[in-house]
Structure formats: structure tokens, C-alpha cells
Participant: 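Structure below; questions to follow.
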Amino acid sequence: MTGPPLAGERGWPSATAVVVGVIGDPVSHSLSPTLHNAAFASLGLDWVSVAFPVAPGALASALPGARALGLRGLSVTMPFKDAVAAIVDRSSPIATRLGAVNCVVVEPDGLVGHNTDGEGFVAALRRGARFDPAGRRCVVAGAGGAARAVVLALARAGASEVVVVGRTPARAADAAALAGHAGRTGTPTDAGGADLVVNATPVGMGGTPAATDPPLVDPGLLSHGQLAVDLVYVPRPTRWLELAAARGAATLDGLGMLVHQAALQIELWSGRSAPVEAMWAAVAGQRPEVPAPGG
Ligand code: NAP
């Protein structure tokens with residue numbers, strides 16, 4: 001075989017289609033299969049992506065099972081990103097540094113863990129907001145898995161400063177350390193002097209307990225010349241982004257990060273350039289239902 005199998009005349013997917021999937025709990029609302037399948041259709045590949053709900057106690061057997069069944073890979077969403085990092089046979093440097101995996105590639109010699117969240121975030125910044133983090137001052141609100149990926153990616157992209165604002169000091173310090181010399185913890189007022197302010201908490205996410213919680217960074221601190229990015233994309237835009245826009249800040253919601261982290265997964269699995277526009281078109285008009293964890 002000289003490359004990935006192409007979709008045949010007998011329709012898609014064929015009985016011999018290459019299978020990938022997304023594992024999570026819950027996972028039925030994930031947009032990942034829609035994104036992956038839009039990419040496969042655009043590339044003409046006889047591949048298919050489906051959602052696999054996995055009970056937490058079944059994770060340790062689900063991964064070897066994926067290999068036994070000949071799956072090409074898995075996208076990994078909440079709550080399994082950390083646990084999968086401990087199960088795979090080896091990991092990329094970024095996934096190792098984060099201790100979290102959002103993409104597994106099934107290679108002949110084992111399961112390889114990657115994390116495309118941070119790179120997907122930076123790609124979304126560049127493409128969706130024409131924002132290059134190099135030399136920029138950045139504030140990240142939150143210190144969980146998404147925040148950690150964003151902090152590391154901003155530092156790798158050359159941000160001059162990455163300030164983490166979190167509600168749990170030890171977690172904020174741990175996340176800030178990922179940015180090396182550029183990283184430190186801070187307070188919400190740091191947002192006033194930043195070029196980029198990111199909400200990486202679930203605050204504002206429709207249908208969750210955090211939907212109406214106060215944001216860590218008051219949008220009243222933002223103004224013209226700044227970019228506000230909310231990783232949350234349910235609803236689009238969030239109230240926080242609406243208020244940031246009313247203050248004159250440029251805004252970007254979390255759908256771009258979702259598309260780009262999935263595009264990078266397509267490239268890891270297939271070795272082909274991902275058709276980002278086709279993937280965007282597949283989800284841009286959708287109203288994702290809650291729960292819609294990233295990925
Ligand atoms: P996580 O690991 O649970 O971390 C959540 C972080 O937010 C923690 O630091 C937590 O504080 C903080 N937090 C939670 N509730 C808060 C509240 N009411 N007030 C202030 N801080 C609060 O979650 P995650 O995986 O990082 O995800 C965070 C958000 O990003 C979710 O809404 C998720 O859907 C979204 N996300 C989007 C994408 C995308 O592609 N667009 C990708 C990944 C995640 P503590 O440190 O005190 O626990």
C-alpha cells in the first residue's frame with residue numbers, strides 16, 4: 001500500500017474502513033467524530049470516526065482493545081487525558097511534559113500518546129485572530145488541563161510573559177512553571193496590561209454548574225488593543241466574550257481550538273494535511289449541546 005486507503009465506489013465507510021474514535025465519559029455529545037469525518041470525506045479517505053463511551057473502570061482494557069481491533073487511533077477527552085498518559089507505551093515530548101494525552105496513535109510497536117490541545121490553540125490564534133504570541137504578554141485564567149496546554153504552547157511560541165491566574169494557588173504555580181522563565185502566577189489585575197487574556201475555566205459554559213459563576217478575570221479590566229479568548233464554545237459567544245467585546249477588545253471563542261486540535265490529530269493518524277476549512281464548515285453552524293468537553 002502506498003498511502004492511506006481511498007474511499008471506494010461501494011460507499012463510505014466500507015467494511016474495511018480504517019477506524020478511529022473518541023473516548024470519554026460522557027462522549028455522545030462530542031463534536032470530534034463530526035470533525036474527523038468531515039476531514040476524511042474531504043480527503044477521500046475510507047476512514048471513519050465514532051464515539052466510544054468508556055466507563056472509567058474500563059479504560060485500562062479499552063486501549064489494548066483498540067489495538068487488538070486494528071483501530072488507527074483515538075482522540076481522548078474528559079476525564080481520561082491524564083490516565084491515558086500513564087497507559088500509553090510512549091509519549092511525545094509535549095504530552096510527557098503535560099502528563100496528559102488527547103490523541104493516541106496506534107503504531108505497530110505500541111500506543112503513542114500526543115497532546116494537540118496547545119498547538120491547536122496557537123493555530124486558532126494565528127488563523128482566527130491573526131495573533132502571533134511571540135513577544136506578547138499573556139494571561140491565562142485557570143490551571144486545569146486546558147490551561148496547562150495553553151500555557152506551555154504560548155511559551156513555546158515565544159510569549160514574553162505567561163501569567164496564570166487561578167483559584168487554587170498550588171495548581172496555578174504548577175501551571176505557570178510550564179512556561180519556564182516566562183511563567184509566573186498573578187492576579188486578575190494583570191489582565192489590564194496583557195496583549196492576550198484567555199479564559200481556560202468552565203465559567204460561562206452553558207448547562208454546567210459554573211455557567212453563572214463570576215469569571216476569574218473581570219471583563220471590565222479589558223479594553224481596545226487586547227485579544228480575549230474563551231476556550232468555552234457553548235454558547236458562542238460566551239457572556240464573558242460579549243462583555244470583553246463591549247469594552248473594545250478583539251474576541252475569539254473556543255471552536256477554533258477544537259477544530260485545530262482535531263486537525264492535528266488527523267495529521268498524526270493519516271500523515272496527510274488536514275482540510276481545516278472543511279472541518280470548520282462541518283461544525284461552524286452547529287449548536288453543540290452540553291456537555292461538550294473540549295475534544
Ligand atoms: P479542568 O481540568 O477541570 O480545569 C478547570 C480549571 O478551571 C481549574 O483550574 C479550576 O480551578 C478552574 N475552575 C473551575 N471552575 C471554576 C470556577 N467556578 N471559578 C474559577 N475557576 C474555576 O478543565 P479543563 O479540561 O482545563 O477545561 C476547562 C474549560 O476549557 C472547559 O470549559 C472545557 O470545555 C474547555 N476546553 C475547550 C477546549 C477547546 O478545544 N475549545 C479544549 C479543552 C478544554 P482549580 O484549579 O481550583 O480546580
Side-chain angles (χ1 to χ4, degrees), residues 22 24-27 29-32 34-36 75-85 98-103 115-125 127-129 139-153 164-176 178 185-188 191 198-218 229-241 251-265 276 279-280 283-284 286 288-295:
V22 53
D25 181 32
V27 75
H29 295 85
S30 172
L31 291 176
S32 289
T34 303
L35 285 163
H36 298 153
S75 177
V76 181
T77 189
M78 294 199 303
F80 296 137
K81 293 183 184 182
D82 294 3
V84 168
L98 294 172
V101 162
N102 83 333
C103 179
N115 195 309
T116 65
D117 279 335
E119 213 183 317
F121 171 77
V122 169
L125 282 186
R127 195 162 177 137
V139 167
V140 178
R148 289 169 59 83
V150 164
V151 166
L152 179 60
V164 178
V165 178
R167 65 177 181 182
T168 306
R171 294 194 81 195
D174 205 42
L178 288 164
T185 57
T187 64
V198 183
N199 174 43
T201 75
V203 170
M205 185 162 155
T208 72
T212 53
D213 283 353
L216 287 176
V217 172
D218 179 349
V229 180
D230 202 333
L231 301 195
V232 175
Y233 52 85
V234 182
R236 297 182 68 208
T238 58
R239 182 77 182 133
W240 186 73
L241 280 189
T251 60
L252 187 71
D253 67 49
L255 201 60
M257 175 177 174
L258 184 75
V259 170
H260 283 280
Q261 60 81 33
L264 291 162
Q265 296 179 346
V276 174
M279 297 173 75
W280 251 116
V283 294
Q286 291 206 12
E289 296 170 49
V290 173

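As the structure lists them, so they are numbered: ligands from 1, and atoms in each ligand from 1.
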Participant: Quick one: look at Val232 and ligand 1, take heavy-atom pairs under 4.0 Å, and tell me if it's side chain, backbone, both or neither.
Facilitator: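 Under 4.0 Å from ligand 1, Val232 contributes side-chain atoms alone.
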
Participant: Any N/O of Asp117 closer than 3.5 Å to an N/O of ligand 1?
Facilitator: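 No - when backbone and side-chain N and O of Asp117 are compared with those of ligand 1, no distance drops under 3.5 Å.
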
Participant: Within the 4.5 Å heavy-atom criterion, are Val232 and Trp240 side-chain neighbours or not?
Facilitator: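 The answer is no; the side chains never approach within 4.5 Å.
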
Participant: Measure Ala141 to ligand 1 on non-hydrogen atoms and call it side chain, backbone, both or neither using the 4.0 Å cut-off.
Facilitator: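 Neither; nothing of Ala141 gets under 4.0 Å from ligand 1.
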
Participant: Mind checking the CH2-NE2 spacing from Trp280 to His260? Nearest 0.5 Å is all I need.
Facilitator: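 The CH2 atom of Trp280 sits 7.0 Å away from the NE2 atom of His260.
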
Participant: Compare all side-chain heavy atoms of Leu152 with those of Leu98 and state whether any distance is below 4.5 angstrom.
Facilitator: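 In short, these two side chains touch, coming nearer than 4.5 Å.
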
Participant: Using heavy-atom distances, let me know which of Gly145, Pro79, Gly204 sits nearest atom 2 (O) of ligand 1.
Facilitator: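 Comparing heavy atoms across Gly145, Pro79, Gly204, the nearest one to atom 2 (O) of ligand 1 lies in Gly145.
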
Participant: Does any non-hydrogen side-chain atom of Val283 lie less than 4.5 Å from one of Leu258?
Facilitator: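 No; the side chains remain at least 4.5 Å from each other.
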
Participant: Any atoms of ligand 1 less than 4.0 Å from a non-hydrogen atom of Leu258? List them with their elements.
Facilitator: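 Heavy-atom distances to Leu258 below 4.0 Å select 40 (O).
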
Participant: With atom 46 (O) of ligand 1 as the reference point, say which of Met78, Arg171, His260, Gln261 has the nearest heavy atom.
Facilitator: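 Minimum heavy-atom distance to atom 46 (O) of ligand 1 goes to Arg171.
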
Participant: Under 4.0 Å from a heavy atom of Leu216: give me the atoms of ligand 1 that qualify, with their elements.
Facilitator: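 Once the distances to Leu216 are compared, the set is 20 (C), 21 (N).
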
Participant: Compare all side-chain heavy atoms of Asn199 with those of Val217 and state whether any distance is below 4.5 angstrom.
Facilitator: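 Asn199 does not reach Val217 side chain to side chain.
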
Participant: Does a side-chain heavy-atom distance below 4.5 Å link Gln265 with Asn102?
Facilitator: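 Yes; the side chains approach each other to less than 4.5 Å.
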
Participant: So, is Tyr233 polar-close to ligand 1, with some N/O to N/O distance under 3.5 Å?
Facilitator: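 Among all N and O atoms of Tyr233, none is under 3.5 Å from an N or O of ligand 1.
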
Participant: Does the N or O separation between Lys81 and ligand 1 drop below 3.5 Å for any pair?
Facilitator: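 No.
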
Participant: Any N or O of Ala143 that comes nearer than 3.5 Å to an N or O of ligand 1?
Facilitator: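 There is such a contact, yes.
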
Participant: Donor-acceptor pair, distance only, cut-off 3.5 Å: does the side chain of Ser30 make one with the backbone of Val27?
Facilitator: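 Checked: no pair found.
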
Participant: Is any side-chain heavy atom of Arg236 closer than 4.5 Å to a side-chain heavy atom of Asp253?
Facilitator: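 Yes, side chains in contact.
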
Participant: Identify, by atom number and element, the atoms of ligand 1 in contact range of Ala200, meaning under 4.0 Å from any of its heavy atoms.
Facilitator: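 That gives atoms 28 (C) of ligand 1.
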
Participant: Provide the number and element of each atom of ligand 1 under 4.0 Å from a heavy atom of Met257.
Facilitator: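 Once the distances to Met257 are compared, the set is 39 (C), 40 (O), 41 (N), 42 (C).
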
Participant: For Asp25, check side chain to side chain donor-acceptor pair (under 3.5 Å) against everything at least two apart and list the hits.
Facilitator: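 With sequence neighbours excluded, Asp25 shows a side chain to side chain donor-acceptor pair (under 3.5 Å) to no residue whatsoever.
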
Participant: Could you tell me whether Val203 approaches ligand 1 through its side chain, its backbone, both or neither, with non-hydrogen atoms closer than 4.0 Å?
Facilitator: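 Side chain only.
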
Participant: Can you name the atoms of ligand 1, numbered from 1 with element, that are less than 4.0 Å from a heavy atom of Met205?
Facilitator: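 Close to Met205: 32 (O), 34 (O).
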
Participant: Tell me the nearest of Gly144, Pro169, Pro202, Ala262 to atom 7 (O) of ligand 1, using heavy-atom distances.
Facilitator: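 Heavy atom nearest to atom 7 (O) of ligand 1 belongs to Pro202.
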
Participant: Who pairs with Asp174 by side chain to side chain donor-acceptor pair (under 3.5 Å), at least two apart in sequence or on another chain?
Facilitator: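 Partners of Asp174 under the side chain to side chain donor-acceptor pair (under 3.5 Å) test: Arg148.
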
Participant: Looking at ligand 1, does Gly166 have a heavy atom less than 4.0 Å from it?
Facilitator: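 In this structure, Gly166 fails to qualify as a contact of ligand 1 - no heavy atom is under 4.0 Å.
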
Participant: Under a 4.0 Å heavy-atom limit, does Leu255 contact ligand 1 with its side chain, its backbone, both, or neither?
Facilitator: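 Near ligand 1, Leu255 shows nothing, with every heavy atom at 4.0 Å or more.
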
